[in-house]
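The next block holds one structure in the form of structure tokens; read it before the comments.
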Amino acid sequence: MQVEITDVFLRDGLQDEEVIVATAHKLEIAEALVEAGIKRIEAVSFVNPRRVPQMADAAEVIASLPTIDTVSYTSLALNGKGIERAVDAGARDIQVVASASQAHSNANAGQSIEDALAGIADTVARFPQIRFFAGISTAFTCPFEGPVNIDHLLRVIRAFKSMGINNIGLADTLGTTSTEQVIASLAHVRDSEPNLTYYLHLHNAHSQALATVGAAVTAGVVRFDAALGGFGGCPFAPGAHGNIATEELVKYLHGIGHETGVDEERLAEAVRLARDIVTHSPAAILDPAR
């Protein structure tokens, strides 16, 4: 089976690091990912630079990435303003994000789920030329509210569906959700909304993410997010752990007989580059109120 991997190091991997990686170095890492065979890269997020200074150069990064027919670069946006900034910068693949829990929505987006979705819907409708897909944070577990009610998750999924968005990513933002709960929730939403395409964004608190990947692939999921070196985490979700590591995911998938199109040796070079750049980047000045 062919499995698609989106590397999210440049966005999710860097947003929780207390350093500022230079634009030129971000472009180096993107090139290393492409050389390793990664076809989809989550490159930036268009969010408030005072809250997430690591993403302050988002427009410059998107404008500078090399155009390659077989590679897509995605931008993340939490609200209408973020979508507009992404479009103005030249983004053509935009992931819009909402939370499945009210408490995380208030912490992450600064507004309720309902207000966040309404603002996204109004802006999405204005840009029919953009390829939108959706990510749902805290799809399974919230750091403030605990296990997420499946009906709350379904409401968010259906809101995105009503916008014409048919590709939905479900995020285990903390990385603490059991494999059994992820697969049960996934089965429920697929039964309830079977005509959508689902993918998983897994963080990895207890080294259980690969087991979840194996179960999800068996259930028919063929797209996963991961980050070089296992970097990442949500600065607005206390206790969030790093992403599943791209190199570990690729090795695991190859080991159980699946194809990814990724060269493991070149991917290892990208990991070394990313770690070296993070180690030698200057400290970020973080907003204490973020």
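Predicted model only: the values in this text are computed from it and were never measured. Numbers here are sequence positions counted from 1.
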Is there a donor-acceptor pair closer than 3.5 Å between any side-chain N or O of Asp263 and the backbone N or O of Arg266? yes

Please check this pair: side chain of Glu247 against backbone of Gly229, looking for a donor-acceptor N/O pair closer than 3.5 Å. yes

Shortest non-hydrogen separation from Cys142 to Ser101 and the atoms involved: SG-OG, 3.0 Å

I need the single residue from Thr176, Asp172, Thr177, Thr173 that forms a side-chain hydrogen bond (donor to acceptor under 3.5 Å, both in side chains) with Thr141. Which is it? Thr177

Show me the pairs that pass ring pair (Phe, Tyr, Trp, His ring centres under 6.0 Å) and involve residues 106-134, at least two apart or across chains. none

Main chain of Val182, side chain of Ser185: is a donor-acceptor contact present, judged purely on distance under 3.5 Å? no

Any salt bridge (charged side-chain N to carboxylate O under 4.0 Å, His left out) pairs touching residues 34-46, not counting sequence neighbours? Glu4-Arg40, Arg11-Glu42

Rounded to the nearest 0.5 Å, what separates atom CD1 in Ile157 from atom CG in Leu170? 5.5 Å

Is there a donor in the side chain of Glu114 and an acceptor in the side chain of Gln102, or the other way round, less than 3.5 Å apart? yes

To the nearest 0.5 Å, how far apart are CD in Gln111 and OG in Ser105? 6.5 Å

Val262 with Val8, same ILVMFWY side-chain cluster at under 4.5 Å: no

Decide side chain to side chain donor-acceptor pair (under 3.5 Å) for Asp93 and Ser72; before the verdict, give the C-alpha distance in whole Å, the side-chain angles of both, and the deciding distance to 0.1 Å. CA-CA 7 Å; Asp93 292 83; Ser72 61; 5.0 Å; no

For a quick test of reading the model, state the closest non-hydrogen atom pair linking Ala43 to Leu10 and the distance between them. O-CB, 3.4 Å

For Thr246 and Asp7, test the side chains for any donor-to-acceptor distance below 3.5 angstrom and give the result as yes or no. yes

Could you go through Thr74 and Ile94, starting from their C-alpha distance and side-chain angles, then the distance that decides it, and tell me whether this counts as side-chain contact (heavy atoms from CB on, under 4.5 Å)? CA-CA 5 Å; Thr74 66; Ile94 298 176; over 6 Å; no

In this structure, OG of Ser178 is separated from CD1 of Ile183 (nearest 0.5 Å) by 9.5 Å

Is there a side-chain contact between Asn166 and Asn195 in this structure, where contact means two heavy atoms from C-beta onward sitting under 4.5 Å apart? no

Could you walk me through whether Leu117 and Ile113 pass the side-chain contact (heavy atoms from CB on, under 4.5 Å) test, one step at a time? CA-CA 6 Å; Leu117 288 169; Ile113 295 172; 3.6 Å; yes

Quick one: does Asp276's side chain get under 4.5 Å of Arg272's, heavy atoms only? no

Under the criterion side-chain contact (heavy atoms from CB on, under 4.5 Å), I'd like the reasoning laid out for Arg223 against Thr6: C-alpha separation, chi angles, the key distance, then a yes or no. CA-CA 8 Å; Arg223 180 177 158 197; Thr6 301; 3.7 Å; yes

Test your reading of the model: is there a side-chain donor-acceptor pair from Arg190 to the backbone of Thr197, 3.5 Å cut-off? no

Asn243 side-chain N/O to Phe231 backbone N/O, donor-acceptor pair under 3.5 Å: yes

For the hydrophobic clusters of this structure (ILVMFWY residues joined by side-chain heavy atoms under 4.5 Å, transitively), does one cluster hold both Ile130 and Ile62? yes

Phe224 and Tyr199: same hydrophobic cluster, using ILVMFWY side-chain contacts below 4.5 Å? no

Less than 4.5 Å apart, side chain to side chain, heavy atoms only: is that true for Ile83 and Val124? yes

With distance as the sole criterion, is a donor-acceptor pair present between the side chains of Thr260 and His254 under 3.5 Å? yes

To the nearest 0.5 Å, what is the distance between CD1 on Ile150 and CZ on Phe140? 8.0 Å

Just so I know, are the side chains of Met55 and Val52 near enough to count as touching, which here means a heavy-atom distance under 4.5 Å? yes

With sequence neighbours excluded, tell me which residues meet side-chain contact (heavy atoms from CB on, under 4.5 Å) with Ala100. Ile136, Thr138, Val148, Leu153

Ion pair Glu264/Lys251, N-O distance below 4.0 Å: no

Determine the minimum heavy-atom distance between Ala215 and Thr179, stating which atoms define it. CB-CG2, 3.9 Å

Find out if a path of hydrophobic residues (ILVMFWY) with successive side-chain heavy-atom gaps under 4.5 Å connects Leu27 to Phe9. yes

Rounded to the nearest 0.5 Å, what's the gap from OG1 on Thr23 to CG on Asp57? Could you check? 3.5 Å

Which residues pass the salt bridge (charged side-chain N to carboxylate O under 4.0 Å, His left out) test with Arg92, not counting sequence neighbours? none

For the pair Tyr73 (side chain) and Pro66 (backbone), establish whether a donor and an acceptor sit closer than 3.5 Å, ignoring hydrogens and angles. yes

Answer yes or no: is there a side-chain heavy-atom contact under 4.5 Å between Val222 and His258? no

Heavy-atom nearest pair, Ser192 first then Arg158, reads CB-NH2, 3.7 Å

Side chains of Glu28 and Leu273 in contact at under 4.5 Å (non-hydrogen atoms): yes

Answer yes if Ile20 and Val47 sit in the same cluster of Ile, Leu, Val, Met, Phe, Trp and Tyr residues linked by side chain heavy atoms under 4.5 Å apart, and no otherwise. no

How close do Phe144 and Ala103 get, counting heavy atoms only, and between which atoms? CB-CB, 3.5 Å

With sequence neighbours excluded, what pairs up with Phe160 under the ring-ring contact (aromatic ring centres under 6.0 Å, His included) test? none

Verify side-chain contact (heavy atoms from CB on, under 4.5 Å) between Leu249 and Ile5, making sure each step is shown before the conclusion. CA-CA 9 Å; Leu249 176 58; Ile5 296 172; 4.0 Å; yes

Any donor-acceptor N/O pair, Asp115 side chain to Gly119 backbone, under 3.5 Å: no

Which pair of non-hydrogen atoms, one from Tyr252 and one from Gly214, has the smallest distance, and what is that distance? OH-CA, 3.3 Å

Value rounded to 0.5 Å, distance of NZ in Lys81 from CG in Asn48: 7.0 Å

Are more than 12 heavy atoms from other residues, nucleotides or ligands located less than 6.0 Å from atom CD of Glu265? no

Just by modelled atom types, is the Gln15 backbone N or O under 3.5 Å from a matching donor or acceptor in the Gln54 side chain? yes

Can you sort out the partners of Ala270 under side-chain contact (heavy atoms from CB on, under 4.5 Å), two or more places apart, ordered by chain and number? Ala32, Leu228

Would you mind reporting whether Asn167 and Leu196 have side-chain heavy atoms less than 4.5 Å apart? no

Heavy-atom distance under 4.5 Å between the side chains of Val71 and Leu65, does that happen here? no

